[in-house]
Visitor: 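Let me give you the structure first, and then I'll get to my questions.
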2 protein chains.
Amino acid sequence: MVGMEQVPVAPEFTHPAVEEIELAAVLHALSDPQRLRIVRELAANAEPLACGSFALDVGKSTRTHHFRVLREAGLIEQRRDGTRKLSVLRREDLDTRFPGLLDAVLSA
Amino acid sequence: MVGMEQVPVAPEFTHPAVEEIELAAVLHALSDPQRLRIVRELAANAEPLACGSFALDVGKSTRTHHFRVLREAGLIEQRRDGTRKLSVLRREDLDTRFPGLLDAVLSA
DNA sequence: ACAGTAGTTCGATGACCACCGTACCATAAG
DNA sequence: CTTATGGTACGGTGGTCATCGAACTACTGT
């Protein structure tokens with residue numbers, strides 16, 4: 001039974017609303033090499049990825065830290081899946097709020 | 001006319017070459033409110049502006065600091081003019097290196 | 001129940017950063 | 001030369017940040 005996990009509310013985590021995403025926070029989040037790598041890898045894979053499936057040069061706790069920064073800046077959305085935590089890039093939200101920004105960063 | 005500025009003219013200041021401009025440095029430079037204001041104001045005025053002619057909430061030395069960060073990140077070009085120091089946005093260089101990035105940030 | 005896996009929390013540390021004030025330097029104007 | 005202006009250099013301060021390791025939680029599968 002893996003059925004009834006459909007509670008759409010109960011965000012569980014702090015995800016800023018689209019209109020609350022701040023430019024400075026986004027730029028700061030992207031100005032770190034590890035986080036930039038995460039974002040790039042998420043952009044390359046349309047599927048949600050588990051936090052642990054990234055090639056990062058940092059320990060577990062630091063990894064958690066980076067994912068939180070990305071989430072609170074509004075760059076990614078995180079969702080629990082069993083023992084893992086899946087992340088997806090908030091592409092549309094970002095494109096809505098700051099058109100062209102993500103594309104420019106990704107293609108750089 | 002962006003031809004030949006590699007000469008003995010005493011660089012005077014550290015201006016990274018176009019291909020040396022780093023994304024992380026640019027993003028970090030832009031992630032500060034005061035610096036973002038400077039960049040926006042420079043983008044609005046095509047003419048070079050003196051460092052002192054900006055409405056910033058910080059003291060002189062801090063101002064100098066921000067302009068150095070922007071210059072070393074490759075965002076602005078600075079030139080002496082008498083007692084003043086004029087700054088211009090390196091629009092073309094930025095557009096060459098990271099197409100669309102500056103526009104996206106400015107229109108945000 | 002038990003062990004394994006995935007991620008979090010906590011405290012600490014060293015680095016960096018934004019900011020200030022004062023003193024200093026360089027050019028321009030009287 | 002002297003003074004005023006515009007900016008830099010220095011030293012310091014408090015705050016934030018990236019990083020770690022160790023202990024902890026939560027879920028899975030046996």
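Just so we're on the same page: letters track the sequence lines, and every chain starts at 1.
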Visitor: Can you list every salt bridge (Lys or Arg N to Asp or Glu O under 4.0 Å) pair that touches residues 54-63 of chain B, not counting sequence neighbours?
Guide: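 Those involving residues 54-63 of chain B are B/Arg37-B/Asp57.
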Visitor: Looking at residues at least two apart in the chain, or sitting in another chain, which of them share a salt bridge (Lys or Arg N to Asp or Glu O under 4.0 Å) with A/Asp81?
Guide: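 Only A/Arg84 meet the salt bridge (Lys or Arg N to Asp or Glu O under 4.0 Å) criterion with A/Asp81.
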Visitor: B/Leu56 CG to C/dC20 C1': how many Å, rounded?
Guide: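 About 15 Å, once rounded to whole Å.
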Visitor: Out of C/dA18, C/dA26, C/dC20, which has the shortest distance to the side chain of B/Arg80?
Guide: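 Of the candidates, C/dA26 comes closest.
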Visitor: Expressed in angstrom and rounded to an integer, what is the separation of B/His66 atom NE2 from C/dC17 atom C1'?
Guide: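 Rounding to the nearest Å, NE2 of B/His66 and C1' of C/dC17 are 10 Å apart.
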Visitor: Nearest whole angstrom, please: distance from the P of C/dA18 to the CG of B/Leu70.
Guide: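 In whole Å, C/dA18 P lies 10 Å from B/Leu70 CG.
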Visitor: Give the rounded distance in Å between these two atoms: CD of A/Glu72 and P of D/dT16.
Guide: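 Taking CD of A/Glu72 and P of D/dT16, I get 14 Å after rounding.
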Visitor: Please report the distance, rounded to the nearest Å, between CZ in B/Arg79 and C1' in D/dT8.
Guide: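 So the CZ-C1' distance, B/Arg79 to D/dT8, works out to 19 Å.
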Visitor: Salt bridge (Lys or Arg N to Asp or Glu O under 4.0 Å): which pairs involve residues 96-108 of chain B, sequence neighbours left out?
Guide: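 Pairs touching residues 96-108 of chain B that pass the test: B/Arg91-B/Asp103.
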Visitor: Please name all residues satisfying side-chain hydrogen bond (donor to acceptor under 3.5 Å, both in side chains) with B/His66, sequence neighbours left out, ordered by chain then number.
Guide: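 Residues passing side-chain hydrogen bond (donor to acceptor under 3.5 Å, both in side chains) with B/His66: B/Arg35.
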Visitor: Going by the rule side chain to side chain contact (heavy atoms under 4.5 Å, CB included), which residues pair with A/Ser53 if we only count those two or more places apart in sequence or in a different chain?
Guide: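 With neighbours one apart ignored, the set is A/Leu49, A/Ala50.
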Visitor: Considering residues at least two apart in sequence or located in another chain, which fulfil the salt bridge (Lys or Arg N to Asp or Glu O under 4.0 Å) criterion with A/Asp32?
Guide: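 A/Asp32 satisfies salt bridge (Lys or Arg N to Asp or Glu O under 4.0 Å) with no other residue.
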Visitor: So, do A/Phe67 and A/Phe54 have ring centers that fall under 6.0 Å from each other?
Guide: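 Yes.
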Visitor: Near DNA chain C, counting only heavy atoms under 4.0 Å, which residues of residues 33-43 of chain B show up?
Guide: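 Here the set is B/Gln34, B/Arg35.
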Visitor: Which whole-number value in Å describes the distance from A/His28 NE2 to C/dA18 C1'?
Guide: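 Atom NE2 in A/His28 sits about 13 Å away from atom C1' in C/dA18.
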Visitor: Strictly under 4.0 angstrom, non-hydrogen atoms only: write out the protein contact profile of nucleotides 5-13 of chain C, one letter per nucleotide from the 5' end, B, S or -.
Guide: -SBBB----
Visitor: If a pair satisfies salt bridge (Lys or Arg N to Asp or Glu O under 4.0 Å) and one of its residues is in residues 13-22 of chain B, list it, with sequence neighbours excluded.
Guide: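 Every pair satisfying salt bridge (Lys or Arg N to Asp or Glu O under 4.0 Å) with a residue in residues 13-22 of chain B: there are none.
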